[in-house]
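What follows is one structure encoded as structure tokens, with my remarks underneath.
Keep in mind that this is a model prediction, so the values were computed, not measured. Hydrogens, waters and symmetry mates are skipped; everything else that's a heavy atom, side chains included, is used.
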Amino acid sequence: MTALHHNLSLKDEIRDYWSMRSETFDSQPGHEIFSGEERQAWLSLFSRHLGPASAGGGRALDLASGTGVISLLLAELGYGVTGLDLSEAMLARARAKTAGKPIKLYAGDAEDTLEAADSYDVVATRHLVWTLPDPPAAFREWFRVLKPGGRVGIVDADMTNPRPGNGRALRVLAKLARRLSTPKPPAAHAATHEEIVSRVYFSQGCRPEEIARLLAEAGFVDVAIDRDLGAIHRAQGRFMPLYQRLERASQDRFMVSARKPG
């Protein structure tokens, strides 16, 4: 009972954190899409791992749908989309952006969606998994709601550990560039963010290999890690200051995809 209370309290804090950030969320590169080039890169990534919807249509579940950025991409690939998010403030902004599209948006929990079993062709997330209190339970839930043969696509980042290769050197350069920036970039909501990170499952870093292991444990097959997100990052970088480009380049950013057997 104590663990359950702790997780519910943490989810409340996560919901409130993103609600607080909802007003400026779409003004930030890396959250909203700022160019046709970036949009095409995202469409290519999701098409590569999830495929476009079949000729007869398909159903996609966008978890932590935020302001609707990924829901809109999935709709463009031909899916009818259901988006779930804990934050009503985020959902209000998403509804304004997705009006007239085949997208339905609801308040909901990614670890307990309340959706019917075997009902979706695709489950997609972006920047959700690092916040989950219980990823194993979430992955079992996503397995449950997918149709046999359905696919999951997880876009996320390990912002704690430098990426393999030159990540450590890039992190040093990013810190130097941040110190030299004029005006100094604000550490917006940093304390709240760090407190939340200290309590989630991936508090030591959201490593794609651990995500892949947990997906396999939940029953998924054909688990793949894709770090080839360069086209997206180059397009986003055109709208970012140098320190932010370096910070993001130092992080391990990836997509993990998998399939439910059948």
Side-chain angles (χ1 to χ4, degrees), residues 14 30-31 38 41-53 58-66 69-71 73-74 77 79 81 83-85 109-111 113 115 120-165 167 197 200-233 236 248-262:
I14 291 169
H31 292 163
E38 183 186 350
W42 278 112
L43 288 170
S44 176
L45 179 70
F46 280 112
S47 184
R48 185 162 77 240
H49 286 276
L50 304 178
R59 298 188 70 206
L61 182 61
D62 177 15
L63 295 170
S65 52
V69 176
I70 302 304
S71 292
L73 292 171
L74 294 170
L77 290 173
Y79 291 99
V81 182
L84 299 184
D85 200 280
D109 184 345
E111 293 180 354
T113 68
E115 297 293 307
Y120 284 95
D121 300 280
V122 161
V123 170
T125 78
R126 184 182 69 161
H127 304 163
L128 163 66
V129 168
W130 74 268
T131 73
L132 290 173
D134 191 352
F139 296 168
R140 291 192 297 269
E141 171 69 355
W142 304 355
F143 187 92
R144 183 187 70 81
V145 302
L146 278 170
K147 298 175 183 178
R151 300 194 66 85
V152 61
I154 296 167
V155 177
D156 226 302
D158 183 352
M159 293 175 282
T160 302
N161 304 291
R163 77 176 191 187
V197 168
V200 296
Y201 181 97
F202 287 111
S203 61
Q204 301 305 307
C206 186
R207 298 183 185 275
E209 292 81 8
E210 176 65 2
I211 293 173
R213 185 188 72 79
L214 292 174
L215 286 170
E217 195 175 82
F220 287 97
V221 296
D222 298 337
V223 183
I225 298 170
D226 185 356
R227 289 181 166 96
D228 184 16
L229 277 62
I232 293 170
H233 300 154
Q236 292 175 343
R248 291 173 69 86
S250 76
Q251 298 162 353
D252 193 7
R253 292 180 169 267
F254 53 83
M255 183 168 189
V256 182
S257 62
R259 180 176 61 85
K260 179 176 178 175

Practice problem: Report the C-alpha distance between Met255 and Ile225 in whole Å, list the side-chain angles of each, state the deciding distance to 0.1 Å, and finish with yes or no for side-chain contact (heavy atoms from CB on, under 4.5 Å). | Solution: CA-CA 6 Å; Met255 183 168 189; Ile225 298 170; over 6 Å; no
Quiz item: How many angstroms lie between atom OH of Tyr79 and atom OH of Tyr120, to the nearest 0.5 angstrom?
Solution: 13.5 Å
Quiz prompt | Side-chain donor/acceptor of Asp158 to backbone N/O of Gly205, under 3.5 Å | solution = no
Quiz item: Is any NZ, NE, NH1 or NH2 atom of the basic residue among Arg163 and Asp252 found under 4.0 Å from an Asp or Glu carboxylate oxygen of the other?
Solution: no
Exercise. Decide yes or no on side chain to side chain donor-acceptor pair (under 3.5 Å) for Asp156 and His127, but give the supporting numbers first.
Key: CA-CA 5 Å; Asp156 226 302; His127 304 163; 5.7 Å; no
Practice problem: Please tell me if the side chains of Phe254 and Val155 come closer than 4.5 Å, counting only heavy atoms from C-beta onward. | Solution: no
Quiz item: Taking Gln251 for the side chain and Thr160 for the main chain, is one N or O donor matched with an acceptor at less than 3.5 Å?
Solution: no
Quiz prompt | Heavy-atom closest contact (Ser257 atom, His49 atom, distance) | solution = OG-ND1, 2.9 Å
Quiz prompt | Arg59 CZ to Leu146 CG distance, which is reported to the nearest 0.5 Å | solution = 11.0 Å
Quiz item: Quick one: do Lys147 and Glu115 make a salt bridge, cutoff under 4.0 Å?
Solution: no
Quiz item: Are any side-chain N or O atoms of Arg126 and backbone N or O atoms of His31, one a donor and one an acceptor, separated by less than 3.5 Å?
Solution: yes
Quiz item: Quick one: do Glu209 and Arg213 make a salt bridge, cutoff under 4.0 Å?
Solution: no
Quiz prompt | Ser47 to Pro52 - nearest heavy-atom pair and separation | solution = OG-CD, 3.8 Å
Practice problem: Determine the minimum heavy-atom distance between Cys206 and Val129, stating which atoms define it. | Solution: SG-CG1, 4.2 Å
Exercise. Could you walk me through whether Trp142 and Lys260 pass the side-chain contact (heavy atoms from CB on, under 4.5 Å) test, one step at a time?
Key: CA-CA 9 Å; Trp142 304 355; Lys260 179 176 178 175; over 6 Å; no
Quiz item: Taking Leu63 as the fixed residue, which of Leu128, Asp85, Ile70 is the one that meets the side chain to side chain contact (heavy atoms under 4.5 Å, CB included) rule?
Solution: Leu128
Exercise. Determine yes or no for a side-chain-to-main-chain donor-acceptor pair under 3.5 angstrom, with Asp62 supplying the side chain and Ser71 the backbone.
Key: yes
Quiz item: Quick one: are Arg140 and Glu217 in side-chain contact, heavy atoms under 4.5 Å?
Solution: no
Quiz item: Of the non-hydrogen atoms in Leu132 and Ala110, which two are nearest, and what is the gap between them?
Solution: CD2-CB, 4.4 Å
Self-check item: Check: Leu61 and Val145 side chains under 4.5 Å, non-hydrogen atoms
Solution: yes
Quiz item: When rounded to the nearest 0.5 angstrom, what distance separates CG in Leu74 from CG in Asp121?
Solution: 11.5 Å
Quiz prompt | Which atom of Arg248 lies closest to which atom of Gly30, heavy atoms considered | solution = NH2-CA, 4.0 Å
Exercise. Dump the intermediate steps for side-chain contact (heavy atoms from CB on, under 4.5 Å) on Trp42 and Val69, then the final yes or no.
Key: CA-CA 10 Å; Trp42 278 112; Val69 176; 6.0 Å; no
Quiz item: To the nearest 0.5 Å, what is the distance between CG (Leu73) and CG (Leu43)?
Solution: 5.0 Å
Quiz item: Should Pro133 and Glu111 count as side-chain neighbours, where that means a heavy-atom distance under 4.5 Å?
Solution: yes
Quiz item: Taking the side chain as C-beta and beyond, is there a heavy-atom pair between Ile232 and Leu45 under 4.5 Å?
Solution: yes
Quiz item: If you look at every heavy atom in Pro261 and Gly219, which pair is closest and at what distance?
Solution: CD-O, 3.4 Å
Quiz item: Hey, do the aromatic rings of Phe220 and Phe139 have their centres closer than 6.0 Å?
Solution: no
Quiz item: Going by heavy atoms in the side chains, are Tyr201 and Leu214 under 4.5 Å from each other?
Solution: yes
Quiz item: Less than 4.5 Å apart, any side-chain heavy atom of Val152 and any of Phe143?
Solution: no
Quiz item: Would a 4.5 Å heavy-atom cut-off, applied to side chains only, mark Asp109 and Leu84 as touching?
Solution: no
Quiz prompt | Separation between CZ of Arg253 and NE2 of His233, rounded to the nearest 0.5 Å | solution = 5.5 Å
Quiz item: Would Val123 and Ile154 count as a side-chain contact (heavy atoms from CB on, under 4.5 Å) if you check the C-alpha gap in whole Å, the side-chain angles of each, and the deciding distance to 0.1 Å?
Solution: CA-CA 8 Å; Val123 170; Ile154 296 167; over 6 Å; no
